[in-house]
Amino acid sequence: MVNMILNGLDISVEEGTTLLEAAKFYGIDIPTLCYDETLSPYGACRLCLVEVGEPGKAKLFSACTYPVREGLIVKTNTKRVIDARKMIIELYLASCPSSKKIQDLASEYGVTEVRFTPKNDECILCGLCVRVCEEQMQAKAIGFIDRGVNRYISTPFERQSEDCRLCGACMYICPVCQARCQGPREEETICNACLNISPPCLEKYDEAMCYMDPCVACELEKEPDE
Amino acid sequence: MKKAIVLGFEVPRGPDGVSIVALLQAIQDKYNYLPEKFLRRAAREMEVPLIDVYSVAKFYKSFSLVPEGRHQIVTCTGTACHVRGSEKITEEISRTLGVEVNSTSPDGEYSLKCVNCVGACASAPLVIVDGEYHGNMTPLKAGKLFAQGAKGKTAVS
Ligand code: FES
Ligand code: FES
């Protein structure tokens, strides 16, 4: 067992776990986009940043790839961490505004503006599909092609791969495939419908009418199309 | 270093298998490009997934999946070369030889590529013709470099 301090709490966790797993075990939520329990950590999305080290000397690290060590001091909710995450979410929003998961994160973290030119990509290169194909499906049908800003995910020779069994695991695990809900501001880069703390149905029915969490404000009137 | 024979090429074998880069280099040297059927066969012989071979082939600029010209012209567009005017040089070469950037001339004679820093910034800007480095280039010098070449002889230094 390894003893360390997490958000001021003395904890002891099993050796060989990562900070992310330790935090999860103690009920502390850290957002992730490129992590999956069943796959090897990859550290691509940087959303799981936490502060590690003595106060004043602490640095930001990705929790999903950082192994626990004796005497570590870790903070998951400092201003620095939240600011960094907000920035990352803003960047993801600009590159992939059609993703439900990213829109939800934006609402959760109160990111209400995007200062970058939206790119409308369909991929954030988190590598989950590549890893699930290799590690869980043992197929290795897809991979990263090219490099730098031109990097993308594809099959050999950009054609249907013989190694692919059409299992669909890559789509299942993709964090951006799921389209955002068609809320009242579906045209805009940022939706923020989920920022609604008080569900609009309270005004109409005096109680919430469904168990959607977070509320997607489905009762808000959409502008009639002209 | 241990060796292995793949597709008739002798390539080094490390602790995690045959060097894909070395094999692809050998194929590229011999055929001037990487034919798809060779990559497929190589993957089978080395027992690595095809996607790994393909990723490596697409990663490095020195590999090409379409036939390359007989003469390789590479201009450096790295930081040092860029600030010393490599863009003009690329344009000049492209114009004299009638070959688009990052492609091959229709007669299959020249391929023109841009790369980022070839590690000789002191003599920026650089043009590499068939492996030979030409430093301190100007559009004028670059034009002269290919004046004879374009008339039918090989590219000269
Ligand atoms: S979850 Fe840790 S970097 Fe993506
Ligand atoms: S930038 Fe051209 S050689 Fe370094």
Assess whether atom [atom1] of [X] is packed by more than 12 heavy atoms of other residues, nucleotides or ligands within 6.0 Å.
| X | atom1 | result |
| --- | --- | --- |
| A/Lys59 | NZ | no |
| A/Glu54 | CD | no |
| A/Phe25 | CZ | no |
| A/Met87 | CE | yes |
| A/Glu90 | CD | yes |
| A/Glu14 | CD | no |
| A/Lys119 | NZ | no |

So for [X], is it side chain, backbone, both, or neither that comes closer than 4.5 Å to the heavy atoms of chain B?
| X | answer |
| --- | --- |
| A/Glu162 | side chain |
| A/Ala139 | neither |
| A/Phe144 | backbone |
| A/Ser154 | backbone |

Output the distance between atom [atom1] ([X]) and atom [atom2] ([Y]), rounded to the nearest 0.5 Å.
| X | Y | atom1 | atom2 | value |
| --- | --- | --- | --- | --- |
| A/Arg147 | B/Ser55 | CZ | OG | 13.0 Å |
| A/Glu158 | B/Tyr54 | CD | OH | 3.5 Å |
| A/Phe157 | B/Leu65 | CZ | CG | 6.5 Å |

* Asked: Can you find a heavy atom in the side chain of B/Lys58 that is under 4.5 Å from one in the side chain of A/Arg151?
  -> no

* **Residue of the set A/Ile145, A/Thr155, A/Asp163 for which side-chain contact (heavy atoms from CB on, under 4.5 Å) holds with B/Ile51** =>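 That would be A/Ile145; it is the only one of A/Ile145, A/Thr155, A/Asp163 passing the side-chain contact (heavy atoms from CB on, under 4.5 Å) with B/Ile51.
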
